[in-house]
Amino acid sequence: MRIEGAERVAAVAAVTHKPLVGIVKRDLEDSPVRITPYLEDVDSLADAGATIIAFDATDRIRPVPAKEVLARIHERGCMAMADCSTFEEGAEMVQAGCDLIASTLSGYVDGPVPNEPDFQLVKRWSDKGWLVVAEGRIRTAQDAHEAIKAGALAVTVGSAITRPDDVTGWFLSAMNKVNESALEGREPQ
Ligand SMILES: CC(=O)N[C@H](C=O)[C@@H](O)[C@H](O)[C@H](O)COP(=O)(O)O
């Protein structure tokens, strides 16, 4: 389970010994980095019982360098999961000693957000023998299957479980595509 907020991590840790991925999400005024940006966030998650702490490892303006966040996670005895947006960010984090790299932020750093998961990124990392979590836009069982086929060690499913309003929208837009195609006299995509 990947859980946001130290209080929620503590609540879940009280009832299970399963591995928990903890994050703290913030909206900062001077940085686009949202996931576990501060060393205090690492401390609160470690105190709460997180097994793994995930953090934004993108190459962007940030309050604390990613490698310092990584070092604090290890000092606190937790495993580190780097939420990345590119192959290079993942490679740098592996070199720095990060335990897991994840495709969480692929598609979210500039331009429009794609519809599909970034299986290619998962495969490129996995082909290097690195431990990869596929995360981001994994919406169906088939997506999860593809992610494992691409070499992922694990898959994080977010919105498909936590946001029924989004899920309803996906169904609606899939159905609308058929209607739109029929109106335009072409085969549905
Ligand atoms: C980009 C970003 O901030 N991602 C966040 C990371 O913690 C979450 O909002 C996502 O729900 C999570 O990554 C799972 O992805 P999806 O909801 O697509 O299955």
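We count ligands from 1, going down the list as the structure has it; atoms in each ligand are counted the same way. Bear in mind the structure is a predicted one, so any value in this text is a computation, not a measurement. In what follows, residues are counted from 1 in the order of the sequence shown.
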Fill in: Residues that A91 engages under side-chain contact (heavy atoms from CB on, under 4.5 Å), provided they are two or more places apart
F87, W130
Practice prompt. Would you list the pairs meeting salt bridge (Lys or Arg N to Asp or Glu O under 4.0 Å) in which at least one residue belongs to residues 64-75, sequence neighbours left out?
Written response: D43-R72, K67-E92, R72-E75
Worksheet item: If you link I, L, V, M, F, W and Y whenever their side-chain heavy atoms are under 4.5 Å apart, who else ends up in the same group as L100?
Response: V21, I52, M79, M81, L131, V133, L153
Within the protein, flag every N or O under 3.5 Å from an N or O of ligand 1, and note the pair and distance.
{"unit_1": "ligand 1", "atom_1": "3 (O)", "unit_2": "K25", "atom_2": "NZ", "d": "3.4"}
{"unit_1": "ligand 1", "atom_1": "7 (O)", "unit_2": "R2", "atom_2": "NH2", "d": "2.8"}
{"unit_1": "ligand 1", "atom_1": "9 (O)", "unit_2": "K25", "atom_2": "NZ", "d": "2.8"}
{"unit_1": "ligand 1", "atom_1": "13 (O)", "unit_2": "E135", "atom_2": "OE2", "d": "2.5"}
{"unit_1": "ligand 1", "atom_1": "17 (O)", "unit_2": "S159", "atom_2": "N", "d": "2.8"}
{"unit_1": "ligand 1", "atom_1": "17 (O)", "unit_2": "S159", "atom_2": "OG", "d": "2.5"}
{"unit_1": "ligand 1", "atom_1": "18 (O)", "unit_2": "R137", "atom_2": "N", "d": "2.7"}
{"unit_1": "ligand 1", "atom_1": "19 (O)", "unit_2": "G158", "atom_2": "N", "d": "3.0"}
{"unit_1": "ligand 1", "atom_1": "19 (O)", "unit_2": "S159", "atom_2": "N", "d": "3.4"}

Discussion item. Between the side chains of R26 and D41, is the shortest nitrogen-to-carboxylate-oxygen separation below 4.0 Å, so that they form an ion pair?
Written reply: yes
Item to complete: Evaluate the side-chain proximity of Y108 to S85: yes if any heavy-atom separation is below 4.5 Å, no if none is.
Response: no
Worksheet entry | Contact check, side chains of P114 and R137, non-hydrogen atoms, under 4.5 Å | yes
